[in-house]
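A short worksheet on the structure shown next.
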Amino acid sequence: MTTTPQHSASTTESGHRYTSELAERIELRWQDRWESEGTFDAPNPVGDLAEDGAAERLEGDKYFIMDMFPYPSGAGLHVGHPLGYIATDVVGRYRRMRGDNVLHALGYDAFGLPAELYAVQTGRHPRETTLENIANMRRQLRRLGLGHDPRRSFATIDPDFVRWTQWIFLQIFNAWYDEELDRARPISELIEEFENGARDVPGGAVWADLSAKERADVIDGYRLAYLSEAPVNWAPGLGTVLANEEVTADGRSERGNFPVFRRNLKQWQMRITAYADRLLDDLDRVDWPEPVKLMQRNWIGRSHGAHVQFEVPGIDEPIVVFTTRPDTLFGASYMVLAPEHDLVEALTTDAWPEGTDARWTGGAATPAEAIAGYRAAAAAKSDVERQENKEKTGVFTGSFAINPVNGERIPVFVADYVLMGYGTGAIMAVPGHDERDFEFAESFGLPTPRVVQGEGEDALPFTGDGVAVNSANDEVSLNGLTVADAKSRIIAWLEEKGQGEGTTTYRLRDWLFSRQRYWGEPFPIVYDENDVPIALPESMLPVDLPDVPDYSPRTYAPDDAESEPEPPLARVREWVEVELDLGDGPKRYRRETNTMPNWAGSSWYELRYTDPHNRDRLADPANEKYWLGPRTPGGTGGVDLYVGGVEHAVLHLLYARFWHKVLFDLGHVTSEEPFHRLFNQGYIQAYAYTDVRGTYVPADEVTEADDGTYWYNGERVEREYGKMGKSLKNVVTPDEMYEAYGADTFRVYEMSMGPLDVSRPWETRAVVGSQRFLQRVWRLVVDEETGATRVTDDALAPATLGVLHRTIDGVRGDMEELRFNTAIAKLIELTNHLTKESVTGRAAIEPLVKMLAPFAPHLAEELWERLGHTETITYAPYPEADAQYLVAEQVTCVVQVQGKVRGKLQVSPDVSDDELTALALAEPNVVRTIDGREIRKVIVRAPKLVNVVV
RNA sequence: GCCGGGUUGGCGGAAUGGUAGACGCGAUGGUCUCAAAAACCAUUGUCCGCAAGGGCGUGCGGGUUCGAAUCCCGCACCCGGCACCA
């Protein structure tokens, strides 16, 4: 296989052929013109982007399209990157022709670790290299002819953008979640409620009696952004904590492959868990792919169940467990606490009780020794290591708890199959009806009573549906009840006895929001002499990053788990130590030295597109409402179409929804969701080839032999399929495509390769098909010999009218559904028809050019101009199908015998059933196939089908 | 292990209960040309047949239906997410 682009041999031919050179001249000319005329500028209702005379455009429909904005990598683009950008551009151009006011722009997600690491290597400031990368990317993308409003582009590192990212952080910091009203409210209202006694101070204290520090601590416990000591991923070799997504499955850092340890460190968290229910429930109100909704639902992981208290004689505090199966409470035969659970120490007895099973002791002489050993071993393991070994291990604490429903004494264990981070970190074990508990019980010789009986089932553990058995005490009986009924019965009983209550827990955890990095947004936070975090006033925003001597955090030996992170900013003393007047005179403060994670900017950027230059607000309410506000009663509002890869299904999309909802609660936006419709594009993949040593060889120099083997330099190589990447030596760049074919051909090819949501392999040699198509369209309008326009005002033949209007009808449907591959196929068919019939009538050519415009906009503009138009085709009305031409004069009717096609008839579309039956039964081949057999039934679906059953 | 998506010519794909393979690549033959490239025309699922026509065919096995790539049941394989979540 050769993937070297074929250069069109045009220099030797007349200058009127649509070659790559001509395409380039056309494309550059129109790109300049679009820019100078502001063709894609979208008017705003108010502010600096409002326009005189735009009232009409603002009154009609609006359409806000967004791409998941790119990270400006230094490597440049390959042909896979623009796929989504081309698709959204096609949609935007189509909507403009439909009369919508279209907002489409592209910003840059420019903070992040790669730029910082590059800065560490080169010593150059990441801002410098990042801005260079953005400039290079802008150049590559401009050459694609994307219809973006350039005035609305920004980068998340722009001080003006950072300012609002920090402003939003302050909004979140200064807000708390009111569970009763089920929305966030300003923290000032909480303080007011404490002051006037409308709300009880936690712990029963009197507000007025508390010191300033104590009050701050109480308030901080409510904030939606708060500091807490939390277990985080600490990579000493990198010198930074990492987000979960930056840690590989085997517990190492994605970058650098350093070991990662779980450490308790004081970090910023966002109280996203307060929004768990709304984030979950509002998924039903947005138009997203079902798999993405499901991933978010699973991630949030809401489960209904109960908290149940188990008393332990001699211990003040009961063990509280969470269970989703309170109906199996009578079957609880032991308990398990996570190794990190607070009560473990209190539960650990001095000596093994009389007759303790040898398997329970871990071979230790006393419970204290066994527990200490077990906890130490658990602590030394990473989460991943813990999960690797699925064999159940654990040790007995020496204590027994009392099962509240039957008073039975059940042993309490510590085992690492119970996780501290979920539920209460303690469980009641029901081995009869839980596979994990069953395994543990088997290893430790514990009883496995049955309390649920399924129909026709007799093996334990049984986790299916059934009715409760052996589940009664003097006061309550579950026997005979279904699982669901038994749950509500026992919860009612527990609540009555004060032994537990129905509850809901979530898998979702609060969002770790700080990083020990240089290249991120600084927090607008300082600490006073009591270490109380204090928000900087809006007037002090943005807090700029100081220049630092070294962009790298302090790094350690990769396995030095006990080392402490030291962010680069902490080393800039003159920046950290600052004197400010925050209302009570100039005082010394200490700045927060962590920075925000890469997700911050992308959590609200949809808002900034609507009002990108606003100095006073993150977006004027009128602009936000116009572009994002709900258009139907009860709607969520949000971006009309958001296109991007499925890899952001959970994190980015969840974070952005969370911030948007906080801003909604606080009255800053009218939309409840950031993205109303989401579409996941597929990826362009590529083949890569390795030689016998496993080294990648240049893919474009590999040839395929007739027997399907692959060869490079006379050596056999193996083919693999996957990503395009420098190290895989299989990168094809847009620049190569512009050079060899032009941007329009590249765009058409990418859109015609297959459905947008499916990944597919890149094949350079197939691009020529799209070029041939555009050349045929070109020839319909332009005489290649003379360059003259060939279009006439000739009337169209009936057959052409039919093809044309059926094409318009079909293409419109495809455009609405984003089926660009089939839309292009229909345009090719129309073009082939017009070519074959030598049609030159304007009435056929102009609709074709218009329908082509979203895909090949430069070519369409050029042809449109040659057809005599002086205005851009961008706002020319999209063709409409005339119903009278949609019905063909003759249709093909298929005649089947026993469901197999045996003949075809040309009939009028309004043929009657009887007529059609008669025609079908007279068809010679049908007669021969029936061969005199008795006709039992004739199914007629006039005018398309007749099926004869014999 | 659980959840989700997928499997159609040599290749990318089309068809969502009614002509399987639209459109494109590649391949083969032809026109033009001194020749080649480009362009254009024709053929191209597979097997049998001179042809007319017929058999087989949408991962595998079953079912529903006059009729199934499409709906249902079971299985295999590939891709993605989650993974001791109580």
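None of these values were measured; they are calculated from a predicted model. Note on naming: letters A, B, ... go to the chains in the order of the sequence lines (proteins, then strands), and numbering restarts at 1 for each one. Heavy atoms only: backbone and side chains are in, while hydrogens, waters and symmetry mates are out.
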Next item on the list: Counting Watson-Crick and G-U wobble pairs only, both distances under 3.5 Å, name the nucleotide matched with A83(B), or none.
Entry: none

Next item on the list: Could you tell me whether Thr324(A) contacts a base, only the sugar-phosphate backbone, or nothing, with contacts defined as non-hydrogen atoms closer than 4.0 Å?
Entry: sugar-phosphate

Note to self: I want to verify a distance call: between A39(B), G54(B), C66(B), whose nearest atom is closest to the Gln775(A) side chain?
What the structure shows: A39(B)

Next item on the list: Please determine, by modelled atom types, if His433(A) and Thr463(A) share a side-chain donor-acceptor pair under 3.5 angstrom.
Entry: no

Notebook entry, point to check: Within the modelled atom types, does a donor on one side and an acceptor on the other bring the side chain of Gln898(A) and the base of G67(B) under 3.5 Å apart?
Noted result: no

Check: Closer than 4.0 Å, any side-chain N/O of Arg297(A) to the OP1 or OP2 of C82(B)?
Finding: no

Checklist line | Phosphate OP1/OP2 of G24(B): any Arg765(A) side-chain N/O under 4.0 Å | finding: no

Notebook entry, point to check: Which nucleotide, A38(B), A22(B), C66(B), lies nearest any side-chain atom of Arg17(A)?
Noted result: A38(B)

Margin query: Students often get this wrong, so: under 4.0 angstrom with heavy atoms, is Glu829(A) touching a base, only sugar-phosphate, or nothing?
Written below: sugar-phosphate

Next item on the list: Pick base, sugar-phosphate or nothing for Val949(A), based on heavy-atom distances below 4.0 Å to the nucleic acid.
Entry: sugar-phosphate

Notebook entry, point to check: Which of the following nucleotides, C82(B), A42(B), A14(B), is nearest to the side chain of Asn821(A)?
Noted result: A14(B)

Item checked: Nucleotide nearest Val901(A) (side chain, heavy atoms from C-beta), chosen from C82(B), A86(B), U19(B) -> U19(B)

Note to self: Tell me whether the side-chain N/O atoms of Lys944(A) come closer than 4.0 Å to OP1 or OP2 in G18(B).
What the structure shows: no

Check: Does Asn925(A) put a side-chain nitrogen or oxygen below 4.0 Å from OP1 or OP2 of G54(B)?
Finding: yes

Next item on the list: Can you figure out which of A22(B), G18(B), U19(B) approaches the side chain of Ala825(A) most closely?
Entry: A22(B)

